[in-house]
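Chain identifiers are assigned alphabetically (A, B, ...) following the order of the sequence lines, protein sequences preceding nucleic acid strands; residue numbering begins at 1 within each chain. Not measured: the values here are computed from a predicted model.
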2 protein chains.
Amino acid sequence: MTNYHALTQAEAVEYAHGIEDVFPDGAQLKSREIGDGNLNLVFHISDPASGRALILKQALPYAKVIGESVPLTLDRVRIECEALRIQGELCPDLTPKVYAYEPDLALMVMEDLSDHIVMRRGLMERGRYPLFAGHIGSFLARTLFFTSDLAMDQQEKKLRVKSFINPELCNITEDLILYAPYTKSRMNIFEPHIRDAVERIWADKELHLEVTLLREKFLTKAQALLHGDLHTDNIFIKPDSTKVIDPEFAYYGPMGFDIGTVIANLLLNYSGQEGWSTDTLERTDYRRYLLDTVHDLWTQFELQFRELWNGHAADRMAKTRGYQDLYVARLLQDTIGFAGVIMLCRVHGFIHVADIDHIEDAAARERAQRIALEIGVALIKRNRSARSIEEVLDIALKAVN
Amino acid sequence: MTNYHALTQAEAVEYAHGIEDVFPDGAQLKSREIGDGNLNLVFHISDPASGRALILKQALPYAKVIGESVPLTLDRVRIECEALRIQGELCPDLTPKVYAYEPDLALMVMEDLSDHIVMRRGLMERGRYPLFAGHIGSFLARTLFFTSDLAMDQQEKKLRVKSFINPELCNITEDLILYAPYTKSRMNIFEPHIRDAVERIWADKELHLEVTLLREKFLTKAQALLHGDLHTDNIFIKPDSTKVIDPEFAYYGPMGFDIGTVIANLLLNYSGQEGWSTDTLERTDYRRYLLDTVHDLWTQFELQFRELWNGHAADRMAKTRGYQDLYVARLLQDTIGFAGVIMLCRVHGFIHVADIDHIEDAAARERAQRIALEIGVALIKRNRSARSIEEVLDIALKAVN
């Protein structure tokens with residue numbers, strides 16, 4: 001990695017000129033840095049004349065969010081590129097195109113999605129995306145099924161596990177999502193007004209056992225190639241299109257982690273509605289939409305996953321009577337458990353969500369935080385006995401009534 | 001691997017001369033090929049004058065057992081060496097010493113164990129090894145605990161998973177142990193007199209579901225660095241010493257596979273006693289010894305595993321209340337299930353055991369085969385509900401009464 005250096009704006013523009021078939025010859029390119037700045041530089045490079053644009057993303061060799069003292073390997077760009085390639089083959093309409101990848105500079109160039117908005121923002125504005133459940137259900141079903149032992153040559157799958165060993169990024173999840181929120185750690189950030197609820201979580205031994213079992217799955221269960229970070233900031237959306245970005249946390253893990261991450265983020269917005277509308281009817285109505293989306297997402301996922309299994313399973317024992325039902329039942333349980341841990345870490349852990357943190361009224365924000373914590377704890381405690389997605393909706397409804 | 005060629009006897013001797021600190025200068029070395037010939041050349045090279053000897057083992061680039069048409073990577077020697085190094089650090093008294101490793105020639109040189117006998121032979125002669133249960137319990141507890149997420153730096157463990165990705169050797173287990181015996185496959189070899197029992201296994205849907213779940217664990221559960229082939233031909237023994245050899249199947253898998261393999265091989269010998277003694281009292285007495293050994297082995301394993309956990313767990317959530325008990329309970333269940341599948345494949349699958357196949361009397365051999373199949377099927381069906389090792393003993397006793 002001797003040739004690596006962080007690009008200047010000017011260098012980014014120069015590099016973008018070299019990408020074929022995007023900009024007209026002699027285009028006057030403009031550039032702005034649009035990264036959220038945690039782990040990467042992200043340049044949006046556009047030609048105002050033709051209206052064309054692309055994204056140039058370069059990994060930084062440290063985690064900016066924690067300070068330069070936390071180094072991160074640049075290998076994550078290889079992992080992200082390779083994951084985008086696989087996701088793009090399986091779900092071409094749901095994955096941004098990659099135009100170039102430069103290992104030495106840890107950079108890649110990809111499709112501009114400026115005509116989409118970040119889904120978290122969309123939900124905070126009470127946007128409705130009737131195609132979303134089907135799109136993301138399909139993304140989950142196809143990426144998880146086709147990268148698993150159910151569908152792949154099982155010896156090829158082992159080589160893929162090897163190429164997606166991703167210690168540093170997994171470590172972030174293992175620490176910040178699956179450990180710190182359950183202990184009095186400096187990595188937890190929360191407002192004093194919810195300290196009582198957080199302390200109950202720190203003291204809840206039944207909860208800790210469930211989290212430990214989920215964490216064990218994250219550490220050991222090489223079930224499918226996960227996106228690994230499928231929250232609503234990593235989903236770009238417009239009414240007729242959904243794009244999943246940023247799979248730099250990709251690794252072989254338990255399928256339920258990805259499905260649970262999407263559901264958790266819908267339920268975090270559901271909790272946050274406490275602060276986004278004072279009109280009770282409007283709030284109830286949008287929450288109903290969010291729960292319908294959770295329900296449809298799981299239903300679409302399950303339907304497509306079972307169809308793929310029936311039509312495309314390569315595993316010679318996949319047709320064993322009872323196996324598919326048991327597999328899907330355990331998937332739902334993992335999904336519910338991981339949804340719970342992801343909700344909690346986003347309320348009192350290290351990285352929060354705007355759906356709740358940006359609520360201006362302190363009392364409403366506190367109510368939202370308490371609702372999210374209540375749902376998260378209930379999902380985690382229910383996970384091993386859960387039998388249907390309706391239980392998730394019941395838990396969510398109970399928390400606001 | 002351009003320099004690779006299979007060594008002649010003369011070349012093996014020349015190579016052995018170069019190993020330091022084994023033979024006196026100018027020793028007149030003798031060599032004989034002692035491999036079972038499946039996957040490797042094995043030369044025993046000795047100096048009759050000093051009584052010193054060593055083993056030179058070279059991997060062949062194909063599986064001789066199936067014919068030269070099945071190529072195998074020579075990378076398995078790297079895996080075997082690396083596994084022996086790790087096992088040797090954790091259990092120096094139970095692992096042969098490695099003197100040299102030559103990657104280009106896919107060969108390694110190690111300690112001669114001629115003063116030990118192959119444990120399968122020892123059991124067929126009704127030998128008793130009172131230290132065995134403690135030795136192998138310790139080997140299993142230490143190698144499985146210290147290579148797992150419970151004890152290792154969890155990011156280092158991921159790199160170790162990567163270096164032990166072992167597709168070809170795992171494929172042998174996945175095909176010959178975890179698939180073929182449950183289907184009418186040409187990879188099954190059995191005598192016509194047990195066809196009815198084998199056909200019942202092929203038709204037993206309840207059994208197939210359990211095997212499919214165990215197979216899924218073998219495919220996905222990266223719990224600890226397994227030996228991967230811990231049968232009694234890979235254990236060298238004498239009254240005061242036990243050595244575990246040949247970890248070329250090593251990979252990160254479910255701990256219960258290794259423990260179950262040892263137990264299965266004790267129970268295969270237990271089944272075979274039908275043909276090794278016509279004295280009922282003697283037979284019953286030796287079977288009691290074998291069941292005591294199964295019981296002690298599990299008990300020793302559990303005791304040491306729990307002690308290591310209490311004293312050496314690095315995982316920050318390992319102390320979570322209830323986790324250790326649940327972990328050990330699931331380990332026992334996996335152990336019982338894998339013991340069952342290993343028994344079955346050794347009766348009607350591709351590779352049999354001498355404990356049963358070498359029984360000369362056809363009626364006794366048939367009885368032994370039927371006992372082993374009955375125990376194997378019962379263990380598999382019991383696995384998910386099992387609560388104690390006594391259930392294994394009950395199943396074994398019932399099969400001979």
Kindly indicate whether the side chain of A:Gln87, heavy atoms from C-beta on, has any atom under 4.5 Å from the side chain of A:Pro247.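 Yes. Closest side-chain heavy atoms under 4.5 Å.
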
Which atoms of A:Glu156 come close to chain B, meaning under 4.5 Å heavy atom to heavy atom: side chain ones, backbone ones, both, or neither?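 Contact with chain B: none, neither part.
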
Can you say whether A:Lys157 sits under 4.5 Å from chain B via the side chain, the backbone, both, or neither, judging by heavy atoms?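 The answer is the side chain of A:Lys157.
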
Max heavy-atom pair count under 4.5 Å with chain B, selected residue of [options]:
options: A:Pro167, A:Ser148, A:Ala318, A:Cys170; answer: A:Pro167
options: A:Leu219, A:Asp149, A:Thr320; answer: A:Leu219
options: A:His208, A:Lys217, A:Arg321; answer: A:Arg321

Test: side chain to side chain donor-acceptor pair (under 3.5 Å). Region: residues 159-173 of chain B. Which pairs qualify, not counting sequence neighbours?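 For residues 159-173 of chain B, and leaving out neighbouring residues, the side chain to side chain donor-acceptor pair (under 3.5 Å) pairs sorted by first residue read B:Thr73-B:Glu168.
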
For the ring pair A:Phe146 and A:His312, is the centre-to-centre distance below 6.0 Å?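 Ring-ring flag for A:Phe146/A:His312: true, centres closer than 6.0 Å.
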
Side chain, backbone, both or neither: which part of B:Phe164 has a heavy atom under 4.5 Å from chain A?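 Neither; nothing under 4.5 Å.
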
Counting only heavy atoms closer than 4.5 Å, note whether B:Leu326 contacts chain A via side chain, backbone, both or neither.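 Side chain only.
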
Apply the side-chain contact (heavy atoms from CB on, under 4.5 Å) test between A:Leu344 and each candidate in A:Ile177, A:Leu379, A:Ile380; give the one that qualifies.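 Running side-chain contact (heavy atoms from CB on, under 4.5 Å) over A:Ile177, A:Leu379, A:Ile380 with A:Leu344 returns exactly one hit, A:Ile380.
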
What is the ring orientation for A:Phe218 with A:Tyr251, classed by angle as parallel under 30°, tilted 30 to 60°, or perpendicular over 60°?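 The rings of A:Phe218 and A:Tyr251 sit tilted, inter-plane angle from 30° to 60°.
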
